[in-house]
Amino acid sequence: MADVTLRDVARASGCSVATVSRVLAGTRPVGAETARRVREAAGALGYRPNHAARALRSRSTGTVGLVLPQITNPFYPALVRELTHALHADGRAVLLADCDDDPVAEAERIGDLLSRQVDALLVIPAHEDHSREAVASAAARVPLVLMDRGCGPGIADSVAVDNAAGMALVLDHLAAAGRRRVCFLGAAGTASTATERRTAYAAGAGAIDPGAPGRVALGDFSVEWGRAAVDEVWDARPDAVVCANDLIAIGALQRLQQLGADVPDEVAVTGFDDIPMAALSAPGVTTVRQPVAELAAEAARLLDQRLSGDEDGPQRAIRLAPDLVVRESSGTVDAR
């Protein structure tokens, strides 16, 4: 069967081709009764828009490129899901690219998406410094929003959680629970999330214990590092292990249990992000919950504003407030 065309819908609805085009594209207001007839005719005939033809006419593909540092991190699939919903609600499709935490691969993925004529880009930078050139170059060509991580000021619009506020929630909770020998297990990389979380720990942990800012072990955002990091700090016998993300926290919890440490009575464990594994571990991990749905909605809103004509307005940096989710891994102990 031949594809149904706008002319077929026009003939069935008794309207002009131009009117049918306006109704189905939503480009100009049309009377309610006329719009109803057009949509009913399109539905009855099984009309499907030809996106390729529309792209040629409008010079817009209706697609947004999304570049992730590592899809295997469980935080990102949840974010991709919310972003897909938010962008589809705006009539836009998503092209996904994973750079495996490699800035060189990231630059190649960005270039590939631009060659496919995406209307805009969403980027979670792999590296705060080494991602900057490719991201800045892309931002000069299409609307671009940085998510979750940054790569320096003056690059593009950005939306992320307030990492310092999240770390303050953790430290306040541990102090109120009477923890006094606190340590930090973080990531050594220069991703802005790693830098901001360890900086916030160093700034706030001294209020609990003057020695706490110095009790730091740095590796990467992985379960394997969480297990290894416990061995690096265990001689100090910490009574709380503050982890830069939930993967590290889950690895730390596993190793502490192997060592026979009582969690949470002997040592508390906290994470950051609130991935599903945090609630499913035994005990459940106290963590900082990122507002993923709000993060996606704000990113989609920023892109829509740029794509709708506000291309030259001032850059916007949005920081969203996190929540503390208290679970069994932190418990409470008497003040010491």
Side-chain angles (χ1 to χ4, degrees), residues 68-83 124 147-149 160-174 176-177 179 182-187 189 191 193-194 196-198 200-201 217-230 233 238-259 261-296 320-333:
L68 301 175
Q70 194 173 71
I71 194 63
T72 54
N73 184 325
F75 173 70
Y76 293 125
L79 183 56
V80 170
R81 178 177 182 272
E82 295 294 341
L83 277 170
I124 303 173
M147 298 186 63
D148 185 51
R149 300 177 178 182
V161 73
D162 187 334
N163 288 295
M167 191 56 63
L169 290 173
V170 168
L171 294 174
D172 287 347
H173 167 68
L174 294 174
R179 307 289 174 172
V182 183
C183 72
F184 180 74
L185 310 183
T193 47
E196 290 173 8
R197 291 173 193 179
R198 68 176 180 255
Y201 169 82
L218 301 178
D220 57 37
F221 285 124
S222 69
V223 172
E224 293 75 16
W225 164 243
R227 288 194 288 260
V230 167
V233 300
D239 64 2
V241 175
V242 177
C243 301
N245 81 344
D246 290 337
L247 293 176
I248 297 173
I250 290 165
L253 184 61
Q254 292 174 353
R255 181 57 180 150
L256 287 167
Q257 290 171 333
Q258 290 175 346
L259 292 170
D262 190 320
V263 178
D265 288 348
E266 185 178 354
V267 57
V269 176
T270 67
F272 206 112
D273 290 337
D274 196 29
I275 63 174
M277 293 167 62
L280 297 175
S281 68
V285 175
T286 291
T287 187
V288 176
R289 175 177 292 161
Q290 293 214 48
V292 176
E294 189 179 356
L295 188 69
L320 303 176
D323 296 311
L324 184 69
V325 181
V326 178
R327 298 193 178 101
E328 297 85 359
S329 71
S330 62
T332 58
V333 297

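For the numbers below, each heavy atom of this structure counts, side chains included, while hydrogens, waters and symmetry mates do not.
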Distance from [X] atom [atom1] to [Y] atom [atom2], nearest 0.5 Å?
| X | Y | atom1 | atom2 | answer |
| --- | --- | --- | --- | --- |
| L68 | Q70 | CG | CD | 10.0 Å |
| R227 | L253 | CZ | CG | 11.5 Å |
| N163 | R198 | CG | CZ | 12.0 Å |
| L295 | E82 | CG | CD | 10.0 Å |

V230 and Q258: CA distance, side-chain angles, deciding distance, side chain to side chain contact (heavy atoms under 4.5 Å, CB included) verdict: CA-CA 11 Å; V230 167; Q258 290 175 346; over 6 Å; no
For the residue pair [X] and [Y], what are the closest heavy atoms and their distance?
| X | Y | value |
| --- | --- | --- |
| C183 | Y201 | CA-OH, 3.4 Å |
| P291 | P322 | CD-CA, 4.5 Å |
| D273 | Q290 | OD1-NE2, 2.8 Å |
| P264 | R179 | O-NH2, 2.7 Å |
| A282 | Q257 | O-NE2, 2.9 Å |
| S330 | H173 | OG-NE2, 2.8 Å |

Side chain to side chain contact (heavy atoms under 4.5 Å, CB included) evaluation trace for M167 with V242: CA-CA 9 Å; M167 191 56 63; V242 177; 3.6 Å; yes
Less than 4.5 Å apart, side chain to side chain, heavy atoms only: is that true for [X] and [Y]?
| X | Y | result |
| --- | --- | --- |
| M277 | D246 | no |
| R197 | N245 | yes |
| E266 | L256 | no |
| I275 | L247 | yes |
| I250 | C243 | no |
| I124 | Y76 | yes |
| R327 | S281 | no |
| D274 | F75 | no |

F221 vs T193, side chain to side chain contact (heavy atoms under 4.5 Å, CB included): CA-CA, chis, key distance, verdict: CA-CA 10 Å; F221 285 124; T193 47; 4.0 Å; yes
Whether W225 side chain and G186 backbone form a donor-acceptor pair below 3.5 Å: yes
From T286, T287, T270, residue fulfilling side-chain contact (heavy atoms from CB on, under 4.5 Å) relative to V326: T286
